[in-house]
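See below for the structure under consideration.
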Amino acid sequence: MAQEARCVWQARAVLGEGPLWSPRQDAVYFVDIRGSRILRHGLSDGTQAGWDLDDAACWLVEGADGDGFIAGLRSRRVVRLRLEPGQAAVVGEEIARIEPDKPGNRLNDGKADRDGRLWAGSMDDAEEAPAGSFYRIDPNGAVTTVDEGYTVANGPALAPDGRTIYHTDSAARTVYAFDIGADGSLSGKRVHIRFTEADGYPDGMTCDAEGGLWVCHWDGGRVSRFRPDGTLDRAVALPVSRVTSCVFAGPDLDRLFITTAAHGRPDEPLAGALFECDPGVRGLPPGQFGAPSR
């Protein structure tokens, strides 16, 4: 069954990524990595805002203490971040520093789980070498390498039971699945989905409450839902080719928002826009860094 998405904001993000649903603010935030911006779309009032950054944010999560956001920066730092209306973004306390010895890398995509931990990947900024890794960042700031060898690490997504995490190497066109131990260790790495050339590249992704995995197709013009066994269920078509990430939002978590990229697509008028579709399923509450949410 094919569905279509509708444009809600022609933001023209150079590389829109990392959408986050903020229940506190009734808004979807997302980052423009190449444009060094953070963008906000209010759900109830439709207001839109943006903040420029000197050091681009690659992802955002909310802090469990209610004190602003946690951001992963292009410089491989994890920091506290405040976004005040009409003001500049304010970078605060540094929580962790990742790969200080790899200046050619950057952070790319990250999520918080229901235990208050962060899961984030790094990548070769030139997208040529398998120099990236997958990390767990605990609430105390401790950083643990949980997997290595990624050229473009992307889209961590957590299953509803909290026992499985999905992670992607976009360059390899492969989505992997891992088992999560009680201590946050990963095991049982396996291929969950493998894209063909016609599919484009797997990018950002998220899980719904039924265990379905929604994967965005970079150079594939769609978002696909895969069943828990990895088989294709359905797709949502977009009028742009570079579809980057998605998030469930709204009080009932029944709205799916989708980010896209204008990079390399001057002939696509809606490239870089924020889209919305009716997914027909509900999503999972967003995790927050710093304390368990269950």
Side-chain angles (χ1 to χ4, degrees), residues 1-22 26-33 35 37-48 50 59-60 109 111 154-155 157 166 168 170 175 193 195 198-210 212-227 232-284 286:
M1 179 178 66
Q3 300 169 274
E4 291 188 354
R6 55 192 176 274
C7 176
V8 296
W9 186 7
Q10 294 187 37
R12 200 65 185 176
V14 184
L15 181 56
E17 279 281 7
L20 168 70
W21 157 238
S22 170
D26 190 29
V28 170
Y29 286 82
F30 61 105
V31 300
D32 180 357
I33 300 174
R37 297 186 295 165
I38 296 174
L39 302 167
R40 179 191 186 274
H41 173 69
L43 268 59
S44 59
D45 59 13
T47 58
Q48 292 154 346
W59 48 261
L60 295 175
D109 213 348
K111 297 276 177 65
N154 234 319
Y166 302 100
T168 293
S170 297
V175 179
I193 302 163
F195 274 29
D199 294 324
Y201 299 87
D203 205 317
M205 53 192 178
T206 192
C207 283
D208 62 41
E210 298 177 2
L213 182 64
W214 295 75
V215 184
C216 294
H217 294 241
W218 175 275
D219 284 350
R222 61 193 184 275
V223 182
S224 294
R225 182 184 190 264
F226 295 88
R227 302 180 186 92
L232 179 65
D233 175 44
R234 59 183 184 270
V236 178
L238 281 86
V240 299
S241 58
R242 293 190 159 170
V243 185
T244 56
S245 195
C246 56
V247 67
F248 286 91
D252 296 321
L253 292 165
D254 59 351
R255 303 168 67 179
L256 188 72
F257 287 84
I258 305 161
T259 55
T260 65
H263 176 65
R265 291 294 181 266
D267 57 337
E268 296 180 5
L270 293 179
L274 179 68
F275 292 84
E276 180 183 359
C277 77
D278 302 314
V281 292
R282 295 175 187 264
L284 299 167

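Residue numbers run from 1 in the order of the sequence given.
- Looking at every heavy atom in both residues, Asp203 comes nearest to Trp218 through OD2-CE3, 3.6 Å.
- The OG1 atom of Thr244 sits 9.5 Å away from atom CG of Leu238, with the distance rounded to the nearest 0.5 Å.
- Tyr166 places none of its side-chain heavy atoms less than 4.5 Å from the side chain of Val215.
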Inset, instruction - Go through the steps to decide whether Arg222 and Asp199 satisfy the test salt bridge (charged side-chain N to carboxylate O under 4.0 Å, His left out), and finish with yes or no. - result: CA-CA 9 Å; Arg222 61 193 184 275; Asp199 294 324; 3.0 Å; yes
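- Across Val247 and Trp21, no two heavy atoms sit closer than the pair CG2-N, 3.9 Å.
- Of the inter-residue distances, the one linking Gln48 atom CD with Leu39 atom CG reads 9.0 Å to the nearest 0.5 angstrom.
- With values rounded to the nearest 0.5 angstrom, Cys207 atom SG is found 8.0 Å from Lys111 atom NZ.
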Inset, instruction - Determine, stepwise, if the pair Val236 / Arg225 fulfils side-chain contact (heavy atoms from CB on, under 4.5 Å). - result: CA-CA 8 Å; Val236 178; Arg225 182 184 190 264; over 6 Å; no
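- When all heavy atoms of Asp254 and Pro279 are compared, the closest pair comes out as O-CD, 3.2 Å.
- Nearest heavy-atom pair across Thr206 and Ala157 is CA-CB, 3.9 Å.
- Between Ala209 and Leu284, the closest heavy-atom pair is CA-CD2, 3.7 Å.
- In summary, the aromatic rings of His41 and Phe30 are positioned with their centroids too far apart to meet the 6.0 Å limit.
- Scanning for side chain to side chain contact (heavy atoms under 4.5 Å, CB included) contacts around Asp219 gives Tyr201, Ser241, Arg242, Arg265, with sequence neighbours left out.
- A pairwise comparison of heavy atoms in Leu270 and Cys7 identifies CD2-SG, 4.1 Å as the closest pair.
- Looking at Pro19 and Phe257, their side chains never come closer than 4.5 Å, going by heavy atoms from C-beta outward.
- One finds the CG atom of Asp278 at 4.5 Å from the CZ atom of Arg6 (value rounded to the nearest 0.5 Å).
- For the atom pair OG (Ser245) and CD1 (Ile258), the distance works out to 10.0 Å, reported to the nearest 0.5 Å.
- Note that CG of Leu15 and OG1 of Thr260 are 9.5 Å apart. Values are rounded to the nearest 0.5 Å.
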Inset, instruction - Using the side-chain contact (heavy atoms from CB on, under 4.5 Å) rule, take Val28 and Trp9 through it: C-alpha gap first, then chi angles, then the decisive distance, then the call. - result: CA-CA 12 Å; Val28 170; Trp9 186 7; over 6 Å; no
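- Checked by atom type and distance alone, the side chain of Arg12 pairs as donor or acceptor with a backbone atom of Ala271 at under 3.5 Å.
- The backbone N or O of Val14 sits less than 3.5 Å from a side-chain atom of Asp32, completing a donor-acceptor pair.
- Contact of the Phe275 side chain with the Val223 side chain is not registered, since no non-hydrogen atoms from C-beta on lie closer than 4.5 Å.
- In this structure, the side chain to side chain contact (heavy atoms under 4.5 Å, CB included) partners of Thr168, at least two apart in sequence or on a different chain, are Asn154, Ser170, Val175, Pro202, Met205.
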